[in-house]
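Here the structure is laid out as structure tokens; the discussion comes afterwards.
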Number of protein chains: 2
Amino acid sequence: MSQPATHPVELEAIKRDQDYPRPAVAVDLVIFTILDADLKVLLIDRIGEPFAGQPALPGGFVRVKEPADADNVGDQGEDLEDAVLRELEEETGLPHGSVFFEQLRTYGKAGRDPRMRVFSVAHVALVRPDLAGLAAAGGDAKNARWVSVRHERPERLAFDHDTILDDALTYAQSRLDTSSIAFELVPPTFSMTELRSVHEVIRGEGLDRGNFRRRFLRMIDDGVVEQAPGKRITGRKPAAVYRFLR
Amino acid sequence: MSQPATHPVELEAIKRDQDYPRPAVAVDLVIFTILDADLKVLLIDRIGEPFAGQPALPGGFVRVKEPADADNVGDQGEDLEDAVLRELEEETGLPHGSVFFEQLRTYGKAGRDPRMRVFSVAHVALVRPDLAGLAAAGGDAKNARWVSVRHERPERLAFDHDTILDDALTYAQSRLDTSSIAFELVPPTFSMTELRSVHEVIRGEGLDRGNFRRRFLRMIDDGVVEQAPGKRITGRKPAAVYRFLR
DNA sequence: CCAAAAGTGTTAACAGTACACCCATGG
DNA sequence: CCATGGGTGTACTGTTAACACTTTTGG
């Protein structure tokens, strides 16, 4: 710290505010679902440059409005979260609120988008498998599709989306036991095996039935889940179904 | 999803890129240290409007350059991380690399800065107590100072910095047992009690000496720490000192 | 009746909790 | 010699992990 007596830091800051060029801020989405006991991510194909034709994570720019003036205080455009909700609906076709999401982190390396300076606030979204069929059905030019993360992941995604996808996967794994994200990947009522399958697919390894069952029973004791009426009839012995208590 | 046959999404994006106003991107820093067995955060006083004179977290805008043109491809300004390093040095006076930091999350509600649309990428930084004395010594206009998070926290911080500070504290607590952050808050060599004190101060509650010791011994077994030569002589019985193996 | 998945039990190892006790040191 | 904190032991409880057994169903 070697600042003269005046306020050079603040003067500098004011100068920056007015003179420096502005970046763009985008949201990128890592939208997971589970289909056929396999973890899938929603990918699109890029249409324009750069990376035209390459697979990429869906996303878009946050819609920002002009700085507030006297008679227009406070309208600075959409909230970051609203941008996510808007993009989620655009990409999946699913209604607001039916898709769970959390912020992952922000990627801000210079040059990550060659067109201009873009900060991307990445989010992880989870689509229940009973809704995933509805999503991404439209075969528009972007070719939105579910891709198996482990078995048909493309060589190379556009921008730094490979890194983002890796981080998202690590994030989901680390939050499996400390959050309720697993419940976002099962239907409203589910059997123990269905929930266990979610854990297995995200962790990428099998789990002991008996041990998972005891953890599950503790969740019932703790009031996290409760048994729901009915049974899941899936060819073999019918299983009890449960429901998550938000 | 109801897109006509052409590429309206991409056209829309191009239009936005050119026509929509741009936001600013800032980094805000929650800089923690431990002094006198008390968790401290570095606060400044705001100089200009808005919130002039109010305490706030230190931070500043990321320096962005004009979009690349033909002979200037790739110079889009500083990386997000570089902005953090620069601000950390400006605010603490400590050299690059001597302060640990991690990204917390991004705050992007419209109106959070009344001047203009600002996205703030908040970071948590940890200053070793043996360096904290050097930091923030200069009594410049911003009045940077260490403030006890639990005992002298101001009523109200500028912007949404109250939320950011709360989130940072929760983050530090949640990462105590699953990361090496505790080692960033002790000198290069430290006694068991010094490390335990870090845990206690961040968690806000006492820990059993014997139990902490056993966890510590496991860390030695796991090769996370090793004993260092010398003893810590602190008035009472000298304690063995250890060093963290990155 | 048989394969497959549901549902249950058993055991050893390990980790967390709450103590109690002795030891070394500086004042 | 005593208060303080370092260093150690221990008994209890809870959790994890591996695995074996029984039950219920559809084909």
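Side-chain atoms are counted along with the backbone in the values below, which use heavy atoms only and exclude waters and symmetry mates. In the text below, chain A, chain B and the rest are named by the order of the sequence lines, each starting its count at 1.
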**OP:** Can you figure out which of dG7(D), dT25(C), dG7(C) approaches the side chain of Pro238(B) most closely?
**Re:** dT25(C)

Original post:
Considering heavy-atom distances to DNA chain C, does Arg218(B) or Asp208(B) have its closest nucleotide positioned more toward the 5' end?
Top reply: Arg218(B)

**OP:** Kindly point out which of dA18(C), dC19(D), dT16(D) is positioned nearest to the side chain of Asn211(A)?
**Re:** dC19(D)

Subject >> 4.5 Å side-chain heavy-atom contact, Arg175(A) and Glu102(A) >> reply: yes

**OP:** Would you mind checking if Arg46(B) and Asp113(B) are paired as a salt bridge, meaning a charged N to carboxylate O distance below 4.0 Å?
**Re:** no

Original post:
Does the side chain of Arg213(A) get closer than 4.0 angstrom to OP1 or OP2 of dA6(C) through an N or O atom?
Top reply: no

Original post:
If you pin Gly210(B) and Lys237(A) to their nearest nucleotides in DNA chain C, which one's is more 5'?
Top reply: Lys237(A)

Original post:
Where the side chain of Lys231(B) is defined as all heavy atoms beyond and including C-beta, which of dG7(C), dT17(C), dG7(D) is the nearest nucleotide?
Top reply: dG7(D)

Original post:
Is Arg209(B) near enough to dT17(C) that one of its side-chain N or O atoms lies under 4.0 angstrom from OP1 or OP2?
Top reply: no

Original post:
Could you give the CD1-to-P distance, from Ile233(B) to dG26(C), as a whole number of Å?
Top reply: 8 Å

Subject >> Proximity of Phe216(B) and Tyr242(B) rings by center, below 6.0 Å >> reply: yes

**OP:** Describe the nucleic acid contact of Thr193(B) in one word from base, sugar-phosphate, nothing, applying a heavy-atom distance below 4.0 Å.
**Re:** sugar-phosphate

Original post:
Does Arg215(A) or Leu217(B) map to a spot on DNA chain D nearer the 5' end, using the closest nucleotide for each?
Top reply: Leu217(B)

Original post:
How would you label the contact of Arg232(B) with the nucleic acid (heavy atoms, under 4.0 Å): base, sugar-phosphate, or nothing?
Top reply: nothing

Original post:
Hey, would you say the Phe183(A) and Phe190(A) ring centroids sit under 6.0 Å apart?
Top reply: yes

**OP:** Among the candidates dT15(D), dT23(D), dG26(D), find the nucleotide nearest to the side-chain atoms of Arg236(A).
**Re:** dG26(D)

Original post:
Between His199(A) (NE2) and dA17(D) (P), how many Å, whole number?
Top reply: 14 Å

Subject >> Presence of donor-acceptor pair under 3.5 Å, side chain of Arg214(B) and base of dT17(C) >> reply: yes

Original post:
Just how far is it from atom CZ of Arg156(B) to atom CD of Gln54(B), taken to the nearest 0.5 Å?
Top reply: 6.5 Å

